Chemist: 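Below you will find the structure I want to go over with you.
Quick note on labels: first sequence line is chain A, next is B, and so on, each numbered from 1. Quantities reported herein were computed from a predicted structural model and do not represent experimental measurements.
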Amino acid sequence: MTSESSFLQGARLNPEQESAVTSGARFLRVLAGAGSGKTRVLVHRAAFLIKECGISPYEILAVTFTNKAANEMRNRIADLCDAPVKGMWVGTFHGLAHRFLRIHFRDAGLDEPFQIMDTDDQLRMLKRIHKEMQIQDADFTPKQSMGFINREKDEGRYPASGTGMDRQTRLMQEVYQRYQDLCDQSSLVDFAELLLRSLKLFENNPAIADFYQRKFAHILVDEFQDTNAIQFKWLQALLGHDNALTIVGDDDQSIYGWRGAQIENILRFSEKYPETETVRLEQNYRSTKSIIGAANGVISCNIDRLGKALWTAGEQGEPVQLYAAYNEIDESKFIVERIAHFKSKGIPYRKQAILYRSNAQSRVMEEALLHARVPYRIYGGQRFFDRAEIKSAMAYLRLIALPEDDAAFERVINFPARGLGDRSVQTIRDAANAQQISMWQAASRLIEHKALSARAHNSLVQFIELIKGLQTTGQGITLSELVSAMLSRTQLVQAYAKESQEQRQAREENLKELVSAASSFNSITDFEQEDFLDPSMRDMAEDDGFLPIRPKVVEPSNDAKVPAALAAFLDHVSLESGEMQASQDSDAVQMMTIHASKGLEFPVVFLAGLEEGLFPSQMSMNETGRIEEERRLCYVGITRAEQYLTISYAESRRIYGEERRTRISRFVREIPSEFLKEIRLGSVVKPVYHARQQESSLPSGQPASAPNDGSVKVGDRVMHRAFGEGIVLATEGRDARMRVQVNFTRAGSKWLMANVAKLEVLS
DNA sequence: TACACATTGATTTTT
DNA sequence: TCAATGTGTA
């Protein structure tokens with residue numbers, strides 16, 4: 001712990017960072033404000049333990065939420081101390097839980113190979129169960145069942161039968177039970193189950209728990225404010241008598257409460273572990289004083305927080321700009337104009353981000369960007385592995401690896417259509433249910449007994465042969481060859497023949513992308529390989545005997561043979577389905593929800609739609625405590641900005657097809673006025689804006705015709721803030737939908753929305 | 001199986 | 001409003 005050590009001198013940490021990095025406390029809580037160097041501290045602490053305290057890289061367990069964060073941490077630790085990258089215990093909660101389950105599958109009560117089930121499979125299965133149990137949607141929907149089950153699992157509970165529940169809860173428990181039985185039967189494990197099952201593994205096998213408690217001298221957890229009940233329990237299960245736990249997080253950035261995250265985990269950490277040492281990182285290295293001032297102003301309105309005062313040694317910077325748009329279209333146009341302005345000042349598009357509360361807001365923005373020919377990229381839309389064609393392809397691969405996978409079976413038995421409609425599928429399903437076997441087995445038996453119509457029989461035989469054939473071919477070829485073979489034999493591409501050219505092309509490209517993903521997939525991530533890099537794991541296998549892994553040598557090469565590589569690939573895909581997007585480094589404006597922006601930073605940020613009911617969202621205004629989470633979300637949004645922050649709201653917004661008057665978000669009012677500056681475009685006065693603002697204090701109801709609409713008529717000489725002077729050629733529609741055609745002296749003839757263009761009549 | 005029509009539901013989504 | 005589902009009919 002000497003500050004003279006060369007390691008620390010090279011690191012250039014501030015005093016708080018350094019005390020966090022070198023702390024000897026067994027329980028360390030680092031409260032790291034936005035942009036305060038949180039990851040840096042975590043990585044340096046790991047490196048410090050390895051280089052200065054003689055801890056082996058294999059004795060550290062580092063846990064994150066996203067694969068991105070895990071990879072970054074892994075690489076940075078390895079960089080800092082020449083530790084091996086592979087085999088280190090750095091990963092996501094789910095990824096690490098999965099690793100435990102693969103190693104100890106037998107003690108966890110699982111068959112090898114088990115398969116990870118995604119949300120889609122989960123919902124499909126529940127729909128089936130609902131039908132089977134004849135549950136009406138009026139009672140509760142499959143989606144609600146899914147929510148219930150996942151919530152229960154996140155709290156660490158398996159299905160319970162019993163007294164003291166109302167009728168509906170009891171029924172949901174029955175659904176849960178049936179669901180769990182089906183999963184167990186077909187060796188399927190959902191996301192929540194990964195954690196729950198590995199927790200049970202530790203609880204039921206003290207020797208295994210004890211081994212890991214001794215093995216992991218230090219447990220490091222990132223983004224601790226986002227942990228839920230089971231994740232905390234899981235960490236506690238790994239905590240023995242003397243291993244240490246470091247948690248890093250920011251209670252002010254807890255924005256996943258609705259997903260079960262318990263902010264109490266970080267707030268009450270020191271009550272749970274009284275020896276806890278708490279270090280606050282309050283110096284921000286990202287933003288200007290104005291932005292930090294605005295952020296502090298907002299977050300200080302929250303009661304339930306540990307309290308931090310973020311500060312920066314940086315420049316004052318521009319005040320936060322506020323724009324009151326007439327409606328959402330005006331808002332989007334304004335933002336696009338500002339983007340062009342920053343671009344002309346030398347800030348490339350890719351360094352500018354538009355953040356919003358809900359995805360629905362992106363559409364209007366997109367239109368405006370498209371119109372102005374500004375390139376953009378939307379994050380967090382549909383993920384690569386969530387696309388229909390990829391899902392189908394994956395289902396085929398899953399069937400090849402594990403024909404018992406009913407979810408996969410159902411997904412592709414009649415896709416591409418091969419004449420096995422609902423009736424045939426139902427027959428197979430019934431047979432499977434009746435005999436408690438998988439649909440694959442049921443199908444084989446139905447064929448044996450010739451229990452189907454001749455046509456269905458033939459189709460089914462063909463389908464089974466198709467899968468079997470691929471299984472056989474798969475033995476001798478590489479993974480990517482298998483994927484190619486699967487695609488050509490299943491005719492997946494052709495199945496989309498009647499879609500539009502564009503659609504078809506996109507799907508085909510995605511499928512090609514899948515092939516290349518398969519070829520670049522390196523099976524060295526194979527767990528058997530990885531775990532045997534770790535000497536203590538090797539010892540465990542030899543000495544203790546309860547470890548059922550075989551030190552099988554897997555060639556670390558790209559063309560490892562199927563099926564080992566296929567199994568690893570399937571796991572990889574279900575756990576790391578994240579960033580696999582095409583066009584990356586083109587210069588495009590970044591668009592995403594505020595949630596998706598957490599952890600990122602941009603020189604220029606636009607926060608759009610700061611309106612009551614939208615942000616904070618209506619839904620969060622009823623329940624207590626939810627508003628505070630919205631405020632934290634706002635804090636996250638503000639603190640994404642490095643140099644320029646522009647906030648906007650629309651006074652009128654179309655929501656679900658209805659034009660609604662809105663009020664400015666309370667969060668804007670929470671920004672100290674010294675850091676805020678309201679702006680208007682150009683010199684054109686906006687009479688409409690003022691009239692409307694007066695109106696908005698009245699009970700909303702009659703959307704009286706827009707003052708401007710009636711005043712423009714054919715032949716009028718008008719002025720437009722961007723196009724200049726022109727003559728009205730024609731009008732179309734009325735009131736809010738009125739469109740005007742104007743022949744501008746400079747810009748030529750254009751159609752404009754009357755209420756957006758805000759034309760000033762000159763003559 | 002395929003298409004037309006009705007119904008529903010609509011924050012956020014690390015794995 | 002509008003997209004994604006579900007239902008009904010040829």
Chemist: Does any donor atom in the side chain of A:E223 or A:Q225 lie under 3.5 Å from an acceptor atom in the other side chain?
Modeler: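 Yes, side-chain donor-acceptor contact under 3.5 Å.
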Chemist: Across the strands shown, which category fits A:D118 at heavy-atom distances under 4.0 angstrom: base, sugar-phosphate, nothing?
Modeler: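 Answer is nothing: A:D118 stays at 4.0 Å or more from every strand.
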Chemist: Rounded to the nearest Å, what distance is computed from the CD atom of residue A:E366 to the C1' atom of nucleotide C:dC2?
Modeler: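 For the pair A:E366 CD and C:dC2 C1', the rounded distance is 15 Å.
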Chemist: For A:L420 and A:E629, take the nucleotide of DNA chain B holding the closest heavy atom to each; which residue's nucleotide lies nearer the 5' end?
Modeler: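 The 5'-side residue here is A:L420.
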Chemist: Send over the distance from A:N414 CG to B:dA2 C1', rounded to a whole Å.
Modeler: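 To the nearest whole Å, that distance equals 13 Å.
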Chemist: If you measure from the C1' atom in C:dT5 to the same atom in B:dT12, how many Å do you get, rounded?
Modeler: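 Going atom to atom, C1' in each nucleotide, I get 23 Å.
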Chemist: Please state whether the phosphate of B:dT14, meaning OP1 or OP2, lies under 4.0 angstrom from any side-chain nitrogen or oxygen of A:Y379.
Modeler: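 Looking at the OP1 and OP2 atoms of B:dT14, neither is under 4.0 Å from any side-chain N or O of A:Y379.
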Chemist: Taking the side chain of A:A596 as heavy atoms from C-beta outward, which of B:dT13, C:dC2, B:dT14 is closest to it?
Modeler: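 The listed nucleotide nearest to A:A596's side chain is B:dT13.
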Chemist: Would you tell me whether A:Q426 and A:R423 have side-chain atoms, one donor and one acceptor, within less than 3.5 Å of each other?
Modeler: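 No donor-acceptor contact under 3.5 Å links the two side chains.
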Chemist: Tell me what A:D154 touches on the nucleic acid: a base, only sugar-phosphate, or nothing, going by heavy atoms under 4.0 Å.
Modeler: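 The answer is nothing, as A:D154 stays clear of every strand by at least 4.0 Å.
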Chemist: Measure CG/A:L355 against P/B:dT11 and give the value in whole Å, please.
Modeler: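 Roughly 19 Å, once rounded to whole Å.
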Chemist: Starting from P on C:dG6, measure out to NZ on A:K131 and report it in whole angstrom.
Modeler: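 The answer, rounded to whole Å, is 8 Å.
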Chemist: Would you mind reading off the distance between A:N67 atom CG and B:dT15 atom C1', rounded to a whole angstrom?
Modeler: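 Going from A:N67 (CG) to B:dT15 (C1'), I get 8 Å.
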Chemist: For the side chain of A:D226, counting heavy atoms from C-beta on, which of C:dG6, B:dT15, B:dT14 is nearest?
Modeler: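 That would be B:dT14.
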Chemist: Need one value for A:Y256: base, sugar-phosphate or nothing, where a base atom within 4.0 Å counts as base even if backbone is also close, heavy atoms only.
Modeler: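 Here A:Y256 touches the bases of the nucleic acid.
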Chemist: Do the side-chain N and O atoms of A:Q231 and A:N265 include a donor-acceptor pair separated by under 3.5 angstrom?
Modeler: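 No, no side-chain donor-acceptor contact under 3.5 Å.
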Chemist: Using whole Å, what does the distance between atom P of nucleotide C:dG6 and atom CZ of A:R128 come to?
Modeler: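 Value for this atom pair: 15 Å.
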Chemist: Has A:E670 got a side-chain atom pairing as donor or acceptor with A:C301's backbone, closer than 3.5 angstrom?
Modeler: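 No; judged by distance alone, with no hydrogens or angles, the pair does not exist.
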Chemist: Tell me, do A:R305 and A:R632 make a side-chain contact under 4.5 Å, heavy atoms counted?
Modeler: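 Sidechains of A:R632 and A:R305: no contact.
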Chemist: Using whole Å, report how far CZ of A:R363 lies from P of C:dC2.
Modeler: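 My rounded result for the distance is 6 Å.
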Chemist: Once you apply a heavy-atom cut-off of 4.0 Å, does A:K127 come out as touching a base, just sugar-phosphate, or nothing?
Modeler: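 Since only primed, P, OP1 and OP2 atoms lie under 4.0 Å of A:K127, the category is sugar-phosphate.
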Chemist: Would you mind telling me which of A:I594, A:N302, A:I255, A:I299 makes a side chain to side chain contact (heavy atoms under 4.5 Å, CB included) with A:Y635?
Modeler: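 Of the listed residues A:I594, A:N302, A:I255, A:I299, the side chain to side chain contact (heavy atoms under 4.5 Å, CB included) partner of A:Y635 is A:I299.
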Chemist: Using only side-chain N and O atoms of A:T593, determine if any of them is under 4.0 Å from OP1 or OP2 of B:dT13.
Modeler: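 Yes, A:T593 has a side-chain N/O under 4.0 Å of OP1/OP2 on B:dT13.
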Chemist: With heavy atoms under 4.0 Å as the rule, sort A:E630 into base, sugar-phosphate or nothing.
Modeler: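 Base contact.
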Chemist: Distance check: side-chain N/O of A:N359 vs OP1/OP2 of B:dT13, anything under 4.0 Å?
Modeler: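 Checking A:N359 against B:dT13: at least one side-chain N or O falls below 4.0 Å of OP1 or OP2.
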Chemist: Nearest-nucleotide wise, let me know which of A:D422 and A:R357 is further upstream toward the 5' end of DNA chain B.
Modeler: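 Upstream on the strand: A:D422.
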Chemist: Checking all strands, does A:S358 fall into the base, sugar-phosphate, or nothing category for heavy-atom contacts under 4.0 angstrom?
Modeler: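 Result for A:S358 = sugar-phosphate.
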Chemist: Once you round it to whole Å, what is the distance between P of B:dT15 and CG of A:D386?
Modeler: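 Computing the A:D386:CG to B:dT15:P distance gives 11 Å.
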